[in-house]
Amino acid sequence: MSTAYGQVRYTQHELKCRSAAGQQLMPSQIMHGISNEIVQNRNYTAGEELFQDLVRMLKSKRAYQNMDIASFQKSIAKLVRFAPNGNKLMYYAGMLLNDFWPPLRDERIENTILIDIIKLYGRWRGEYWTKGLDFVKIGVERGLGVSSNRMHFFQQEDVFESACMPILRYHGLCFSRDGLSLEKRPPRP
């Protein structure tokens, strides 16, 4: 277990050793291990293996605490956000939609995953910009193109709009004024 800036950083090896020694792991420890392996150690495979451990742990529970839900949602979002390719990205997005139900899956995590897919498709370019337009349309249907008047630190609508820009520019589209549809971008004067 290493520390950085006062935070505990778990590795897959450390968590496996703790488990083998009979220590009960908490979902939050596994979540931190997933994040550390994927982001710090750049070991996506170790993050995937830890995620499988987290899923097994959660499936054995009868009821979920808020920390269980948050650990699951942050972990699957991390796997999607840092996916090394489109196949892994869609595997974990599909897993969320097909294998998990409330309370582990809710509208917020679905929207977060959708936005992450759009961000990555916007970065990867090429054929992904064409496929990405379908995901942008899904977000618009979900109301993510509608600007929110509420003051929050994190607004999915604003993140959605910026994530969509490369794909929309490529297709010559923009959001309608009300954000409920897409329309051709007006020509520049």
Side-chain angles (χ1 to χ4, degrees), residues 1-16 19 25-59 67-100 104-136 138-139 142 144 153-168 170:
M1 171 173 55
S2 59
T3 59
Y5 306 107
Q7 292 182 336
V8 176
R9 295 208 174 153
Y10 296 101
T11 65
Q12 180 188 30
H13 176 74
E14 290 164 2
L15 292 171
K16 296 284 185 188
S19 181
L25 297 178
M26 302 295 295
S28 60
Q29 291 173 307
I30 299 174
M31 173 198 67
H32 288 297
I34 292 167
S35 180
N36 187 48
E37 289 293 358
I38 292 173
V39 178
Q40 301 300 320
N41 298 342
R42 301 194 193 300
N43 188 346
Y44 192 85
T45 302
E48 288 181 296
E49 291 170 5
L50 285 171
F51 183 72
Q52 291 170 4
D53 294 341
L54 177 63
V55 168
R56 274 192 295 279
M57 177 186 290
L58 293 175
K59 284 189 175 183
M67 182 52 72
D68 299 332
I69 297 165
S71 295
F72 170 79
Q73 290 181 350
K74 288 177 182 179
S75 296
I76 199 159
K78 192 72 67 177
L79 286 165
V80 169
R81 190 170 298 126
F82 288 90
N85 57 56
N87 290 337
K88 288 286 185 183
L89 170 79
M90 295 313 294
Y91 174 78
Y92 285 105
M95 178 187 282
L96 173 71
L97 296 175
N98 296 318
D99 298 346
F100 297 98
L104 293 176
R105 186 181 103 204
D106 60 20
E107 183 179 17
R108 184 167 179 86
I109 189 61
E110 289 174 359
N111 289 341
T112 298
I113 297 297
L114 179 64
I115 291 167
D116 285 340
I117 291 169
I118 293 166
K119 275 188 207 174
L120 289 171
Y121 274 31
R123 278 190 214 140
W124 290 341
R125 301 184 175 160
E127 69 180 71
Y128 288 103
W129 280 359
T130 302
K131 294 176 185 176
L133 185 59
D134 292 332
F135 291 107
V136 171
I138 291 169
R142 296 190 92 166
L144 294 177
F153 175 74
F154 173 75
Q155 294 182 15
Q156 284 185 324
E157 296 85 0
D158 297 336
V159 176
F160 175 72
E161 185 176 339
S162 65
C164 293
M165 282 306 139
I167 294 169
L168 292 178
Y170 174 78

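- A salt bridge links K16 with D53: the closest approach of a Lys/Arg side-chain nitrogen to an acidic carboxylate oxygen falls below 4.0 angstrom.
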* Check against side chain to side chain donor-acceptor pair (under 3.5 Å), Q40 and N36 -> CA-CA 5 Å; Q40 301 300 320; N36 187 48; 5.4 Å; no

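- Nearest heavy-atom pair across I34 and S75 is CD1-OG, 3.5 Å.
- With sequence neighbours left out, the side chain to side chain contact (heavy atoms under 4.5 Å, CB included) criterion links K74 to M31.
- Atom OG of S28 is separated from atom CE of M67 by 5.0 Å, given to the nearest 0.5 angstrom.
- Note on ring orientation: taking the six-membered ring where Trp is involved, the planes of F100 and F72 are tilted (angle from 30° to 60°).
- Of all the heavy atoms in V80 and A93, the pair that sits closest is CG2-N, 4.0 Å.
- The minimum heavy-atom distance between W129 and I167, with the atom names listed, is O-CG2, 3.6 Å.
- Scored by the side chain to side chain contact (heavy atoms under 4.5 Å, CB included) test, D106 finds Q73, R108, I109 as partners (sequence neighbours excluded).
- The side chain to side chain contact (heavy atoms under 4.5 Å, CB included) test applied to Y128 returns Y121, W124, not counting sequence neighbours.
- The side chain to side chain contact (heavy atoms under 4.5 Å, CB included) test applied to Y91 returns M95, not counting sequence neighbours.
- Rounded to the nearest 0.5 Å, atoms CD1 (I138) and CD (E110) are 11.0 Å apart.
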* To do: Start with the C-alpha gap between E107 and R142, add the side-chain angles, then the distance that decides, and say whether side-chain contact (heavy atoms from CB on, under 4.5 Å) holds.
  => CA-CA 10 Å; E107 183 179 17; R142 296 190 92 166; 4.1 Å; yes

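- Between Y92 and F51, the ring planes lie perpendicular to each other; the angle is over 60°, past the 30° to 60° tilted range.
- Atoms NE2 and OH, from H32 and Y10 in turn, are 7.5 Å apart once rounded to the nearest 0.5 Å.
- The CG atom of L79 lies 8.5 Å from the CD1 atom of I113; values are rounded to the nearest 0.5 Å.
- For the salt bridge (Lys or Arg N to Asp or Glu O under 4.0 Å) test, no residue two or more places apart in sequence or in another chain qualifies with R123.
- Here the closest non-hydrogen pair linking L50 and L15 is CD2-CD1, 3.9 Å.
- In terms of heavy atoms, P166 sits closest to G122 at CB-O, 4.1 Å.
- In this structure, I30 CD1 and Q12 CD are separated by 11.0 Å, a value rounded to the nearest 0.5 Å.
- In terms of heavy atoms, D68 sits closest to L104 at O-CD2, 4.4 Å.
- The side-chain heavy atoms of I38 and N43, taken from C-beta on, include no pair separated by under 4.5 Å.
- Counting only residues at least two apart or in different chains, side-chain hydrogen bond (donor to acceptor under 3.5 Å, both in side chains) contacts with residues 79-88 comprise E48-K88, R81-D116.
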